[in-house]
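So the structure is just underneath, and the comments pick up after that.
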Amino acid sequence: MTATTVRPLPARSFSRLFRASPPNVADLIAFLLLAATAVLVVRGLTGVAQPLSQLSAQPIALDPANLPNYALRTTLRMFAALVASLLFTLVFATLAARSRRAEQIIVPALDILQSVPILGFLTFTVTFFLRLFPGEQLGAECAAVFAIFTSQAWNMAFSFYQSLRSVPSDLQEVCQGFRLSSTRRFLRLELPFAIPGLVWNAMMSMSGGWFFVVASEAITVGNTTVALPGIGSWLALAIQHKDPVAVAWAVGAMAVLILLYDQLFFRPIVAWADRYRFEQTASTERPSSWAFDLFRRARLLPVVLGPLLALGRLLMALDSGSGRSPAARTREPSLVFEWIWRLFLAVLVAGSAWLIIDYVGRSLSWADAGQAVLAALVTLLRVIVLIAVASLIWVPIGVWIGMRPRWAERLQPVAQFLAAFPANVLFPFVVVAIVRWHLTPDIWLSPLIILGTQWYILFNVIAGASVIPTDMREAASMFGVRGLIWWRRVVIPAIFPYYITGALTASGGSWNASIVAEAVSWGDRHLEAFGLGSYIADATTAGDYPRVACGVAVMSIFVLTFNRLVWRPMYAFAERRLRLA
């Protein structure tokens with residue numbers, strides 16, 4: 001899995017400083033950073049234990065002095081959702097990749113869940129969490145974290161699933177030959193192979209959470225309104241008051257936060273994950289990080305990571321170390337059991353469909369359902385056009401960045417900031433431009449759909465290009481493969497599985513983003529574009545739960561059908577023809 005030779009990291013002023021410093025200095029700096037992080041976490045969590053009435057006693061105020069506390073609360077919610085998304089990914093994506101029967105349930109469920117808009121989740125979960133923790137802010141915090149989780153988890157799960165399904169066949173044969181158990185194969189082969197792609201998609205998911213931070217912190221569902229202290233609530237209040245200065249303060253705070261956790265968290269992980277690139281020849285350019293160099297020299301880090309390493313050793317100790325033989329792995333299941341399984345799936349799907357139809361049919365007519373279907377067709381057309389345009393723009397850029405680690409280091413925080421940039425900030429300019437020049441909202445609101453989801457394509461293409469084996473690049477250079485042939489024979493086959501993951505999640509995310517992009521407001525001005533997003537947004541604001549359920553169900557059906565007809569065949573083609581071996 002790792003390169004055969006290890007070259008030094010590129011020279012950087014910070015990197016040279018921490019590599020040359022004595023271990024005790026590195027320990028001191030690492031201790032101060034970890035201690036400061038612990039203090040901030042404890043301070044941010046103190047507000048969670050307060051009663052819910054405290055939110056009314058201390059409402060959101062557009063005072064810049066409040067921004068540090070708001071930024072801290074938002075960051076803790078983002079990382080809590082990221083941890084939950086990682087655990088979800090490791091469990092369910094692994095099950096889907098390992099078991100064909102689990103895949104038949106988990107993959108369609110992921111298709112449906114990524115298509116369910118965040119407002120759809122909030123509509124049915126806010127009341128649940130508030131009743132679970134009555135009178136406490138913890139209920140609202142759980143609702144906000146869950147909403148952010150729904151904007152992060154599906155992308156990471158699809159990425160990890162794709163990586164596990166594209167593990168080189170010769171490495172799988174080696175594991176089968178040594179009869180490694182499932183646990184050892186996962187820890188020794190599958191998880192290391194998937195780490196580079198998972199890291200880049202975790203960064204994208206973190207940025208995707210920022211895109212919906214307004215909806216997750218400033219919650220309005222029917223008569224229920226909750227505004228948690230955070231940058232999202234600040235932005236919502238600033239937009240409501242038409243205060244561009246407050247909007248600028250929020251954007252600046254976001255930029256500072258993204259730069260901080262990029263330098264202290266994601267960039268060290270990217271430098272660490274580079275060791276798991278699948279290649280036979282070491283790359284001449286490797287990502288670097290001053291924080292990674294610092295913690296690598298610090299003797300404190302093994303102590304901090306001790307529980308995690310102990311857990312891994314415990315799993316290895318409890319494992320028998322011997323798996324089934326190759327013949328046992330390929331044994332066909334019983335035909336009777338297979339038919340029972342298919343019957344179970346059919347009953348499950350039919351029962352779910354009946355519950356939705358019965359719930360919606362009590363309050364809505366067929367005309368309402370027809371309106372939702374027509375609106376979905378319009379949104380589908382927008383999504384297809386915008387995904388095609390985003391692919392033409394970002395695939396070449398992503399390949400260029402991914403094959404140049406030094407440029408990836410420089411552009412990584414910029415890409416994260418652009419991906420995290422909330423569409424709500426652009427609403428004032430869009431609304432004013434449409435009203436001033438008498439433009440058609442059905443056309444000019446459409447680009448807002450792809451604003452936050454196009455980055456799924458960019459980040460996945462960067463991840464795919466960054467793990468192209470160095471020996472493959474050198475062979476192409478040696479044989480003079482350039483131009484269109486280079487794209488057709490080297491780049492596109494290498495990045496295609498990653499692109500499919502990015503395009504699939506961007507497609508589902510675009511449906512989700514239509515909720516905030518097809519119905520925009522600036523102060524008392526409100527513009528709408530006809531589509532399923534505005535249909536669901538209006539129903540959510542009105543507290544019309546049957547109409548919300550109808551819109552979510554129609555969106556799920558459209559996304560699931562499109563994925564099955566377009567993206568899944570491409571996934572299968574990538575698994576058959578475009579795997580490294």
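Computed from a prediction, not measured in an experiment: that's the story for all the values here.
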message: Run the side-chain contact (heavy atoms from CB on, under 4.5 Å) test on Arg547 and Ile536 for me, step by step, so that the C-alpha distance in whole Å, both residues' side-chain angles and the decisive distance to 0.1 Å come before the verdict.
response: CA-CA 7 Å; Arg547 198 176 296 273; Ile536 297 175; over 6 Å; no
Check: Leu448 and Leu445 side chains under 4.5 Å, non-hydrogen atoms: yes
Audit row: Tyr535, Phe530, side-chain contact (heavy atoms from CB on, under 4.5 Å) steps and yes/no: CA-CA 8 Å; Tyr535 178 93; Phe530 179 73; over 6 Å; no
query: Is any side-chain heavy atom of Leu198 less than 4.5 Å from a side-chain heavy atom of Leu86?
result: yes
task: Would you please test Glu190 and Arg98 for salt bridge (charged side-chain N to carboxylate O under 4.0 Å, His left out) and show each step?
output: CA-CA 11 Å; Glu190 295 172 338; Arg98 289 279 186 87; 2.7 Å; yes
field: Check: Ile231 and Leu257 side chains under 4.5 Å, non-hydrogen atoms
entry: yes
query: Would you find a donor on one side and an acceptor on the other, under 3.5 Å apart, between the side chain of Trp234 and the backbone of Ala246?
result: yes
query: What is the minimum heavy-atom distance between Thr89 and Ala153, and which atoms define it?
result: OG1-O, 3.9 Å
- prompt: Any salt bridge (charged side-chain N to carboxylate O under 4.0 Å, His left out) pairs touching residues 74-90, not counting sequence neighbours?
  reply: Arg77-Glu141, Arg77-Glu217
Exam field: side chain Ser507 to backbone Ala503, donor-acceptor pair closer than 3.5 Å: no
message: For Phe158 together with Trp567, are the ring centres under 6.0 Å from each other?
response: no
- prompt: Are the side chain of Thr379 and the backbone N or O of Gly531 linked by a donor-acceptor pair below 3.5 Å?
  reply: no
query: Can you tell if the side chain of Ile384 reaches within under 4.5 Å of the side chain of Phe562, non-hydrogen atoms only?
result: yes
field: Parallel, tilted or perpendicular: ring planes of Phe149 versus Phe88, cut at 30 and 60 degrees
entry: perpendicular
- request: Return yes if some donor-acceptor pair links the side-chain N/O of Glu518 with the main-chain N/O of Gly533 below 3.5 Å, else return no.
  value: yes
statement: Heavy-atom closest pair (Gly398 atom, Leu458 atom, distance to 0.1 Å) is CA-CD1, 3.6 Å
- prompt: Which pair of heavy atoms, one from Ile457 and one from Ala390, lies closest together, and at what distance?
  reply: CD1-CB, 4.2 Å
Ala238 versus Val247, closest heavy-atom pair with distance: CB-CG2, 3.7 Å
query: For Phe79, which residues count as a ring pair (Phe, Tyr, Trp, His ring centres under 6.0 Å) partner, sequence neighbours excluded?
result: Tyr261, Phe265
query: What do you reckon, are the aromatic ring centroids of Trp455 and Trp394 less than 6.0 Å apart?
result: yes
side-chain contact (heavy atoms from CB on, under 4.5 Å) assessment of Leu439 paired with Ile443: CA-CA 8 Å; Leu439 303 176; Ile443 296 177; over 6 Å; no
query: Have Tyr499 and Ser391 got a donor and an acceptor in their side chains that come within less than 3.5 Å?
result: yes
field: Stepwise side-chain contact (heavy atoms from CB on, under 4.5 Å) check, Ile557 with Thr561
entry: CA-CA 6 Å; Ile557 292 172; Thr561 303; 4.1 Å; yes
message: Any non-hydrogen side-chain atom of Ile393 less than 4.5 Å from a side-chain atom of Gln454?
response: no
message: Taking atom CH2 as the centre, does Trp487 end up with more than 12 heavy-atom neighbours from other residues, nucleotides or ligands that are less than 6.0 angstrom away?
response: yes
query: Just by modelled atom types, is the Gly402 backbone N or O under 3.5 Å from a matching donor or acceptor in the Ser466 side chain?
result: no
task: Could you tell me whether the side chain of Phe558 reaches within less than 4.5 Å of the side chain of Leu377, counting heavy atoms only?
output: yes
task: Would you kindly say whether Glu103 and Tyr161 are connected by a side-chain donor-acceptor distance under 3.5 Å?
output: yes
- prompt: Is there a donor-acceptor pair under 3.5 Å between the side chain of Arg382 and the backbone N or O of Asp442?
  reply: yes
statement: side-chain hydrogen bond (donor to acceptor under 3.5 Å, both in side chains) with Asn201: of Asn460, Thr501, Thr505, only one passes, and it is Asn460
field: Close side-chain approach of Met206 to Met156, heavy-atom, < 4.5 Å
entry: no
query: Considering only heavy atoms from C-beta outward, does the side chain of Leu95 approach that of Arg101 to under 4.5 Å?
result: no
task: Taking Ser514 for its side chain and Trp511 for its backbone only, find out whether a donor-acceptor pair lies under 3.5 Å.
output: yes
